[in-house]
Amino acid sequence: MKFSERLQQLPSVAHIASLRMLDGQSQPIATLENKPGQAGSLAVYHALAALYGGAIPPAGARLGLEWYAEHTADAQAHPGKHPNIDRLVAWAEGDASYHVEWTAHAG
């Protein structure tokens, strides 16, 4: 399944302004905003966190790499081009889980 098709199956993130990923010491390590260029990754990370109880463990990272579909191969061929995928590659190879917090749009 292509990434664009996968996005159609994920829950809406229209109500979310941003996501923060936290390490094991509750320190922020990344933020995704609901804006062009990041909205697809925000949807992937949000859906993964929902599936795994608010965190993304290595198994969740591996699933996320499947969801990114054709973009995962491109990210592996061009490290640094897709930082949100690069992050999941690193998480999939480790043993830590990363907590995800989200902020709703104001209003």
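Hydrogens, waters and symmetry mates are skipped; everything else that's a heavy atom, side chains included, is used.
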Q: Can you check whether Ala55's main-chain N or O pairs, donor with acceptor, with His99's side chain at less than 3.5 Å?
A: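 Such a contact is absent between His99 side chain and Ala55 backbone.
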
Q: Short question: side chain of Thr72, backbone of Leu65 - any donor-acceptor pair under 3.5 Å?
A: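 Yes, Thr72 side chain to Leu65 backbone: donor-acceptor pair under 3.5 Å.
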
Q: At their closest point, which heavy atom of Ala47 faces which heavy atom of Leu10, and how far apart are they?
A: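 So the minimum-distance heavy-atom pair works out to CB-CD2, 3.8 Å.
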
Q: Can you name the nearest heavy-atom pair linking Val44 to Gly64, along with the distance?
A: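 Distance-wise, the nearest heavy atoms are CG1-CA, 4.4 Å.
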
Q: Please list all pairs meeting side chain to side chain donor-acceptor pair (under 3.5 Å) that have one or both residues in residues 84-93, counting only residues at least two apart or in different chains.
A: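 Qualifying pairs: Ser41-Asn84, Tyr45-Arg87, Asn84-Arg87.
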
Q: Carefully, step by step, assess Met21 and Glu101 under the rule side-chain contact (heavy atoms from CB on, under 4.5 Å).
A: CA-CA 7 Å; Met21 279 65 71; Glu101 294 179 341; over 6 Å; no

Q: Evaluate the side-chain contact (heavy atoms from CB on, under 4.5 Å) criterion for residues Leu51 and Leu63: first the C-alpha distance (whole Å), next the side-chain angles of each, then the deciding distance (0.1 Å), finally the verdict.
A: CA-CA 10 Å; Leu51 281 174; Leu63 179 59; 3.9 Å; yes

Q: What heavy-atom pair brings Tyr52 and Gly60 nearest, and what distance separates the two atoms?
A: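 Closest pair (atom of Tyr52, atom of Gly60, distance): CE1-CA, 3.4 Å.
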
Q: List the atom of Ile85, the atom of Ala75, and the distance in Å for their closest heavy-atom pair.
A: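 Between these two residues, the closest heavy atoms are CG2-CB, 3.6 Å.
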
Q: Between Pro58 and Ala96, which heavy-atom pair has the shortest distance, and what is it?
A: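 Nearest pair, atom of Pro58 first, then Ala96: CD-O, 3.3 Å.
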
Q: Can a donor-acceptor pair be found, under 3.5 Å and without considering hydrogens, that links the side chain of Arg20 to the backbone of Thr31?
A: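 No.
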
Q: Find the distance between CG (Leu22) and CD (Gln27) and round it off to the nearest 0.5 Å.
A: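 One gets 8.5 Å once the value is rounded to the nearest 0.5 Å.
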
Q: Report the relative orientation of the aromatic rings in Phe3 and His71; use parallel for angles under 30°, tilted for 30 to 60°, perpendicular for over 60°.
A: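 The arrangement is perpendicular - the two ring planes meet at more than 60°.
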
Q: Taking Leu42's backbone N and O only, do any of them form a donor-acceptor pair with His46's side chain (distance below 3.5 Å, no angle check)?
A: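 No: the side chain of His46 does not pair with the backbone of Leu42.
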
Q: Of all residues at least two apart in sequence or in a different chain, which pass the salt bridge (charged side-chain N to carboxylate O under 4.0 Å, His left out) check with Lys35?
A: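 Only Glu33 meet the salt bridge (charged side-chain N to carboxylate O under 4.0 Å, His left out) criterion with Lys35.
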
Q: Looking at every heavy atom in both Val13 and Asn34, which two are closest together, and how far apart are they?
A: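 Answer, listing the atom of Val13 first, then Asn34: O-ND2, 2.8 Å.
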
